[in-house]
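Below, chain A is the first sequence line, B the second, and so on; all start at residue 1.
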Amino acid sequence: MIRDLIEESLPFFSEAMSSLGVPDSDWLRLFGKATVEDHADVALPCHSLAKVLRRSPADIAEEICSLVSTKLEEIAEVSYIGGFVNLKAKPTWLSRRLIEIHSDDRIGVTADVGLTYVVDYSAPNVAKEMHVGHLRSTVIGDTIVRMLEFKGHKVIKENHIGDWGTPFGMLIEHLLDLGEDEAANELSVGDLDSFYKQAREKFVSNDEFAERSRGRVVKLQGGDSETLRLWRVLVDESMRYFNEVYSMLGVLLDDEDIRGESSYQDLLPIVVERLSKEGILENSDGADVVFPEGWYNREGEPLPMIIRKGDGGYNYSTSDLACIIDRIDRLSCDRLLYVVGTPQKQHFEMVFQVATMAGFMPDSNIATHVNFGSVLDTNGKVLKSREGEVIKLHDLLRESINRASEAVSKKNPDLDDKEREEVAKLVGIGAVKFADLSTERTKDYVFDWERMLSFDGNSAPYLQYAYARICSIFRNWAGEREGIIGSKFLLNHPDEIYLSRKLVDFPSILEESIQSFNPHKLCIHLLSIASSFATFYENCKVLNSEDENSKLSRLSLCDLTARQLHLGLGLLGIGSPERM
RNA sequence: GGGCGUGUAGCAUAGCCUGGAUAAUGCACCGGCCUCCUAAGCCGGGGACCGCGGGUUCGAAUCCUGCCGCGCCCGCCA
């Protein structure tokens, strides 16, 4: 709304300002969103004009106000106070915008000319437990995928699972020690962590085992078929478990999206070859490295990116470079997104820089590290999967669903078992996802079991509840819901107006959220929609409204609110039950 | 040591990019509201030297700078 309001009132301000002799450069950047919602939607602070015009800000504001107020009659209420010119959208203007949005299938959100995005997210490690860090990547990535698709882009999901590297020697040997059946059994109950820990334990304490493990790595890399078969067992069992978590979470990822590190093995020599051909590969202490400009180590010497280790093995940078080649050449993507934690920021900066240097990635491609903060415990320490009790994702989700189930039976005993369980799943999972999505993603966040499972306040259940109440209104109404599209919005009550302002703002906030890969912006706005709806609902009768036109108008407000909540939640990967 | 990030009521967060008016929201706390469309809700209240100091500006939580606390990264792990 702010955007449209500014756009529509701008010509009148231009006229007024030029009649005062103020050049555009002096005032245009001042004209924008009001900082205090109660005062205005759009404001022009005149304080800095005082010097130019040699008049007081209050005087200037008053004159501007008188110059534009009649011209803006159809658009906004104009007032002045304390050197500010304030514009407040008129209810009639809001009604017009509401009708446009309400009768649009995409509720006012335009579709872009599609680009091809590759989104790299989730990326759990084979034979390792998925933890809360993977939850962040998975949930944030899923939302970004949904948002980009909604905006009309082609999105290719890539789940870069950790299925290759030196640990697989010990994992395979451990698998053999346990016996395949026993090992498969252990892995399939989802006890990946203890499997990994046992292997690790033996590796550090048992020289013979360590020796075997190293030998096994060589066999694996050499393509030994029996070793590959055992490796496959590990991968498949882990994937079975990951898929179970994905299915609980209700994310879009499936087996088609898996492209683990192992699938880039063939490309690694090509990376070396191409870097060498570009003349940027150097030998340093026996390793093949690239020195990207501008990076230094502790001693102030150029910092290398290791492409091929002294022992001939490849490094993860090599694998990431191979990925870039693959995504650009094979998938012909325009944009590459990496939903990976902040600690890897420098790594990605270097990888992108080298990829550009080497000509793997032309300027028409843009790679973005969509970073997110670490998960901290309540003492502010980073949650580590290595030590202490790890919170298993599966347990967390199960617990949330159980709690939701209890809450549903208590609050709404009329629901039958089947519906209760369906609702519990949507509510429980929604709460967990929303807890993760609603804060600014680059900041670290404190993992608090209780808060994450909270169903009141700033939470997904609060949004779902608002949606369910609206559905209830329509169930109680005799009319056809689709029939109200196009009906007039009569905005008289302050709470109707306040809600309307939030609804009119939805498209631009959503677009901002998508464009910046910041789902929390959408989350915050959805909360403010639901909150203003709750106030409206408390104070304005809908079905029992005084007259028919007012009833239709309020039903339209309800309908539009519901559609925005439904779309918004949907883009966050959160379901909206019709009753709860 | 170098680099990056972060610090906002008891707790958790938004606002910082793009400076503006009374710093917003939730939890917790205190007080009200279900004979009426779902109380997972609504209304009211108390609670903040926006880490500390300097600077720029008519105006700083926001920009610059110094310091302090915390976190992460800095060559053969991924």
Side-chain angles (χ1 to χ4, degrees), chain A residues 29-30 32-40 43 45-48 50-51 57 81-84 86 123 125 162 164-167 261 284-289 295-301 303-311 313 315-317 319-320 341-347 349 371 373-374 376 378 380-382 404 407-408 410-412 414 427 435 438-440 442-446 448 450-451 454-459 461-462 464-466 468-477 516 520-521 523-524 527-528 530-531 534-535 537-539 541-545 554 558 579-580:
Chain A
R29 62 187 179 80
L30 301 171
K33 183 179 170 153
T35 50
V36 181
E37 217 176 27
D38 299 342
H39 286 155
C46 303
H47 313 86
S48 63
K51 224 182 282 176
I81 185 171
F84 288 87
N86 285 324
N125 291 311
W164 204 251
T166 46
E261 290 166 68
S284 171
D285 299 333
D288 289 327
V289 305
W295 299 96
Y296 303 95
N297 68 10
R298 284 165 217 268
E299 282 74 41
E301 297 153 353
L303 180 68
M305 170 184 283
I306 295 173
I307 301 299
R308 186 161 51 187
K309 300 185 281 185
D311 67 4
N315 219 338
Y316 65 110
S317 298
S319 172
D320 281 332
T342 303
Q344 298 203 50
K345 194 175 180 213
Q346 177 177 326
H347 165 70
E349 281 172 11
N371 62 317
S374 306
L376 310 179
T378 33
K381 297 283 176 205
V382 177
V408 176
K410 202 165 87 194
K411 312 256 183 193
N412 198 344
D414 296 342
V427 171
S438 56
T439 64
E440 215 269 317
T442 61
K443 291 192 177 175
D444 288 352
Y445 93 122
V446 178
D448 187 324
E450 290 304 323
R451 202 190 339 273
S454 161
F455 298 155
D456 41 39
N458 289 350
S459 67
Y462 179 75
Q464 291 167 322
Y465 181 64
R469 288 171 111 184
I470 296 171
C471 292
S472 171
I473 295 172
F474 281 101
R475 277 196 300 273
N476 291 330
W477 182 49
S516 60
H520 87 283
K521 292 187 180 183
C523 293
I524 306 267
L527 287 171
S528 75
S531 164
T535 303
Y537 181 78
E538 202 77 21
N539 299 324
K541 301 240 184 285
V542 179
L543 295 179
N544 305 323
S545 179
R554 288 176 176 179
C558 288
R579 43 180 131 225
M580 61 187 278

So what does [X] hit on the nucleic acid, given a heavy-atom distance under 4.0 Å: a base, only sugar-phosphate, or nothing?
| X | value |
| --- | --- |
| A:Leu303 | sugar-phosphate |
| A:Thr535 | sugar-phosphate |
| A:Ala468 | base |
| A:Arg579 | base |
| A:Pro343 | sugar-phosphate |
| A:Met580 | base |
| A:Lys345 | sugar-phosphate |
| A:Gly310 | base |
| A:Ala466 | nothing |

Separation of A:His520 atom NE2 from B:rA24 atom C1', in whole Å? 13 Å

Here the distance between atom P of B:rC27 and atom OH of A:Tyr445, to the nearest Å, is 19 Å

Could you tell me whether the side chain of A:Ser319 and the main chain of A:Asn315 form a donor-acceptor pair under 3.5 Å? no

Choosing from [options], which nucleotide comes nearest the side chain of [X]?
| X | options | answer |
| --- | --- | --- |
| A:Val427 | B:rC36, B:rA40, B:rA39 | B:rA40 |
| A:Thr439 | B:rA14, B:rC73, B:rU38 | B:rA14 |
| A:Arg451 | B:rC73, B:rA12, B:rG7 | B:rA12 |
| A:Val542 | B:rC37, B:rA39, B:rU13 | B:rC37 |
| A:Glu301 | B:rG75, B:rG20, B:rC36 | B:rG75 |
| A:Ile473 | B:rC74, B:rC37, B:rG20 | B:rC37 |
| A:His39 | B:rC43, B:rU22, B:rU38 | B:rU22 |
| A:Lys51 | B:rA12, B:rA78, B:rC58 | B:rC58 |
| A:Asp456 | B:rG41, B:rC74, B:rC37 | B:rG41 |
| A:Glu440 | B:rG20, B:rC37, B:rG15 | B:rG15 |

Could you tell me if A:Thr342 and A:Gln344 have a donor-acceptor pair between their side chains, going purely by distance under 3.5 Å? no

Mind telling me if B:rC67 is syn or anti? Syn here is a glycosidic angle within 90° of 0. anti

Does the structure show a Watson-Crick or G-U wobble partner for B:rC72, both distances under 3.5 Å? Name it, or say none. B:rG3

Heavy-atom nearest nucleotide on RNA chain B for A:Tyr462 versus A:Asn458: which residue maps closer to 5'? A:Asn458

